[in-house]
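Quick note: numbers below take in every heavy atom, side chains included, and nothing from hydrogens, waters or symmetry partners. So that the names make sense, note that chain A is the first sequence line, chain B the second, and so on, each numbered from 1.
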4 protein chains.
Amino acid sequence: MPSENETFIEAARRAQLTDCAAGVIAEVGLGKASMARIAERAGVSVGVISYHFGNKAGLIAAVMTDAAQAAVAMMEPLIVAQSSATLGLRALITSNLEFMRLHPERLRAMLEIIQHDNGLYAEQGAQAITDVQKVLHWGQQTGEFGDFDTRVVATSIRAAIDAVPAMLGHVEDLDLTAYGEQLADLFERATRKETR
Amino acid sequence: MPSENETFIEAARRAQLTDCAAGVIAEVGLGKASMARIAERAGVSVGVISYHFGNKAGLIAAVMTDAAQAAVAMMEPLIVAQSSATLGLRALITSNLEFMRLHPERLRAMLEIIQHDNGLYAEQGAQAITDVQKVLHWGQQTGEFGDFDTRVVATSIRAAIDAVPAMLGHVEDLDLTAYGEQLADLFERATRKETR
Amino acid sequence: MPSENETFIEAARRAQLTDCAAGVIAEVGLGKASMARIAERAGVSVGVISYHFGNKAGLIAAVMTDAAQAAVAMMEPLIVAQSSATLGLRALITSNLEFMRLHPERLRAMLEIIQHDNGLYAEQGAQAITDVQKVLHWGQQTGEFGDFDTRVVATSIRAAIDAVPAMLGHVEDLDLTAYGEQLADLFERATRKETR
Amino acid sequence: MPSENETFIEAARRAQLTDCAAGVIAEVGLGKASMARIAERAGVSVGVISYHFGNKAGLIAAVMTDAAQAAVAMMEPLIVAQSSATLGLRALITSNLEFMRLHPERLRAMLEIIQHDNGLYAEQGAQAITDVQKVLHWGQQTGEFGDFDTRVVATSIRAAIDAVPAMLGHVEDLDLTAYGEQLADLFERATRKETR
DNA sequence: GATGAATGAGATTTCATTCAT
DNA sequence: AATGAATGAAATCTCATTCAT
């Protein structure tokens with residue numbers, strides 16, 4: 001029996017568990033997401049989670065890592081491929097919403113985790129804001145954007161994007177693509193240099 | 001002993017407890033805010049809380065009600081007194097930040113509660129968005145504002161405002177008044193009718 | 001209702017719990033002495049222990065403190081009242097065995113705790129040896145005792161005394177008073193100055 | 001594949017595992033010595049231990065047997081070779097300390113096991129005391145030793161010896177050979193017939 | 001012979017709630 | 001009105017043991 005097979009099984013189990021964990025966290029919130037509930041959804045015993053991830057913190061970290069990697073992998077190429085900061089900012093917003101459409105549970109879980117454990121994952125949240133700031137600086141240097149405080153605007157853009165998942169539970173048939181275009185229009189108006 | 005005195009003591013006790021609860025929730029988060037911790041800060045026994053509020057949910061509801069009433073009482077007059085929707089939106093944003101400056105604990109507690117119990121206080125969150133939407137409709141009817149989806153913009157405005165308390169823990173010496181002006185400028189650009 | 005009464009109830013409960021804990025530890029060993037088992041013997045819920053002692057470590061510490069205080073209170077006056085180091089050493093040994101006879105569970109529990117958590121209560125064990133060393137120094141200065149390494153002899157005396165509780169479970173009708181005399185004789189021969 | 005080879009491999013595996021188990025037990029105590037920890041130190045899977053020893057109790061028993069056999073093999077010849085009980089007792093003590101110097105982990109593990117499982121290995125402890133008693137009877141019959149209770153003295157000698165390993169963790173550079181001489185002197189004085 | 005994934009029991013700890021005084 | 005002792009449930013973590021491969 002090849003060791004790759006062993007690793008494959010291991011990886012599959014880990015993926016299954018992080019998926020289930022993300023699902024439960026997205027559904028009931030991090031506070032109510034007990035290991036028993038996650039294990040029950042995965043159809044395994046609670047000990048399995050400790051076995052694979054050490055403890056609950058390890059599982060949470062794995063959920064974060066998975067989601068963050070998937071999000072970056074999808075979004076970053078779309079953003080850097082744009083020919084202007086204006087298009088870059090639009091791509092940042094719409095690709096975020098697109099990721100949300102394809103992986104709603106992962107994203108909700110990620111936000112839950114960031115919002116809850118303010119101490120541990122604060123850096124991840126700060127990094128996400130910094131990423132937005134980079135695009136804003138880009139546009140200010142090319143003259144596309146006006147002269148605003150990038151921290152305030154970047155924080156607001158992230159907040160506006162991150163507010164969407166909370167609506168998914170309440171609003172039926174939310175068109176995320178259309179929502180993304182509206183958001184992109186909104187912040188295009190808010191950031192472009194005012195001609196006069 | 002007159003019954004008014006009773007009521008007065010009763011009200012004072014309730015106010016003391018909701019204040020302490022808000023303080024603890026703002027400090028350690030709703031998840032770690034145990035009844036014992038709240039009672040300890042208030043210098044009373046845990047039973048007192050159950051006595052006055054029935055159970056923890058009752059206390060949380062009281063914290064929400066108090067904070068929301070205080071916020072509305074401060075902000076609403078400032079908003080409706082404005083002579084234009086543009087100024088009204090600015091007043092909404094800056095008065096929000098002003099409330100945050102004067103009552104940081106109450107506001108943080110309120111946001112914690114809304115974010116945690118997704119099912120229970122969703123209506124309060126929806127109401128807060130609707131309140132913003134009213135101002136936006138006002139501006140669209142007067143022709144001050146452009147033709148955008150008010151739900152998207154209102155949600156973004158609330159999200160941008162509500163993102164601020166989380167920064168208070170990390171950023172030192174955050175000038176909330178200046179931050180409010182920046183936010184108001186941002187959404188003024190984003191909402192005004194585009195002249196061409 | 002006077003507060004002393006409250007304190008009295010509290011103290012009585014604490015004493016009951018430390019007694020039960022000492023009993024369980026003496027019976028099944030510290031490793032198997034779960035809080036559930038202790039609570040069961042006390043006829044209370046497990047939460048009561050946490051309520052009174054914070055956590056298991058707090059309970060263990062209380063057991064140690066109680067036993068150590070009782071032991072010192074009984075033994076120290078008997079030792080210092082002696083007119084010579086030879087009689088002092090004998091009093092130290094026999095009063096130890098006497099305490100063992102009157103409080104076998106407390107003593108066994110104390111030894112279990114010292115032997116197990118080598119890190120935490122090592123100082124208590126070291127102190128007990130130092131106490132013996134003091135008597136040995138006393139005798140060396142008066143010329144009653146020979147010129148031996150007091151650390152070796154003190155450690156051996158303590159070990160010989162502390163080995164007794166383990167026998168209580170196996171040997172029936174062990175006469176602790178007679179045992180104490182034998183031990184005292186043994187170490188009197190081992191310590192006295194050799195006259196030739 | 002010859003069966004002797006099987007047996008040889010089998011024996012080597014068992015020896016490796018008992019050594020690792022003794023090492024872990026000596027280091028962290030029997031309570032914290034989990035199968036996983038022992039398997040990790042041996043560089044094998046946990047299942048191997050169950051395979052070879054049935055269960056944890058079987059492994060512990062093997063550790064005991066190995067250590068006890070090694071101790072007897074080293075000490076017994078040295079004791080019985082002596083020409084007098086006085087020298088025999090000295091040899092018993094010093095060879096014990098010598099074994100401790102050469103195999104500190106095995107001895108610590110053995111003591112840990114005896115102290116913990118009061119019921120199971122009590123006989124081993126009793127046997128060790130009986131072995132000392134034999135030497136004491138020898139000396140009483142030859143007239144070298146006085147007329148004391150051999151059980152009390154034998155228990156004390158064993159306790160004095162067994163107290164040494166606990167010091168190894170706390171005292172730096174403990175000279176076990178010198179300690180052994182001091183101990184031997186101590187119990188020579190305590191046991192010899194008093195001339196008058 | 002060996003692996004390591006999985007189980008299930010047991011232990012501690014936290015906490016909202018209840019209730020006699 | 002208030003106290004605080006007590007309960008019982010829920011959650012996490014550890015670990016010996018089992019078993020399919």
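- Taking a 4.0 Å limit (strictly below) on heavy-atom distances, residues 48-56 of chain C reaches DNA chain F at C:V48, C:Y51, C:H52.
- Stem regions annotated for DNA chain F: E:2-21 with F:2-21, counting only runs of 3 or more consecutive pairs of Watson-Crick or G-U type with both contacts under 3.5 Å.
- Contact annotation: A:R13 side-chain N/O to E:dG4 OP1/OP2 distance is not under 4.0 Å.
- In this structure, the side-chain hydrogen bond (donor to acceptor under 3.5 Å, both in side chains) partners of B:R13, at least two apart in sequence or on a different chain, are B:Q16.
- Taking atom CG of A:L59 as the reference point, atom P of F:dC13 lies 10 Å away to the nearest angstrom.
- For residues 14-23 of chain B, the pairs satisfying salt bridge (Lys or Arg N to Asp or Glu O under 4.0 Å) are B:D19-B:R106, with sequence neighbours left out.
- Under the side chain to side chain contact (heavy atoms under 4.5 Å, CB included) criterion, A:A68 pairs with A:M110, A:Q124, not counting sequence neighbours.
- For the side chain to side chain contact (heavy atoms under 4.5 Å, CB included) test, residues two or more places apart in sequence or in another chain that qualify with A:M35 are A:I49, A:S50, A:K56.
- C:D162 pairs by the side chain to side chain contact (heavy atoms under 4.5 Å, CB included) definition with C:L111, C:R158, not counting sequence neighbours.
- For A:V46 and D:G47, each mapped to the nucleotide of DNA chain E holding its nearest heavy atom, the one lying further toward the 5' end belongs to D:G47.
- For B:H52, there are no ring pair (Phe, Tyr, Trp, His ring centres under 6.0 Å) partners at least two apart in sequence or on another chain.
- B:L30 approaches B:I113 most closely through the heavy-atom pair CD2-CA, 4.0 Å.
- Listed in residue order, the members of residues 20-45 of chain B having a heavy atom less than 4.0 Å from DNA chain F are B:V44, B:S45.
- For B:P104, there are no side chain to side chain contact (heavy atoms under 4.5 Å, CB included) partners two or more places apart in sequence or in a different chain.
- Residue pairs meeting the side chain to side chain donor-acceptor pair (under 3.5 Å) criterion with at least one member in residues 26-42 of chain B, sequence neighbours excluded, are B:E27-B:R41.
- Taking 4.5 Å as the limit, some side-chain heavy atom of B:I25 sits within range of a side-chain heavy atom of B:I60.
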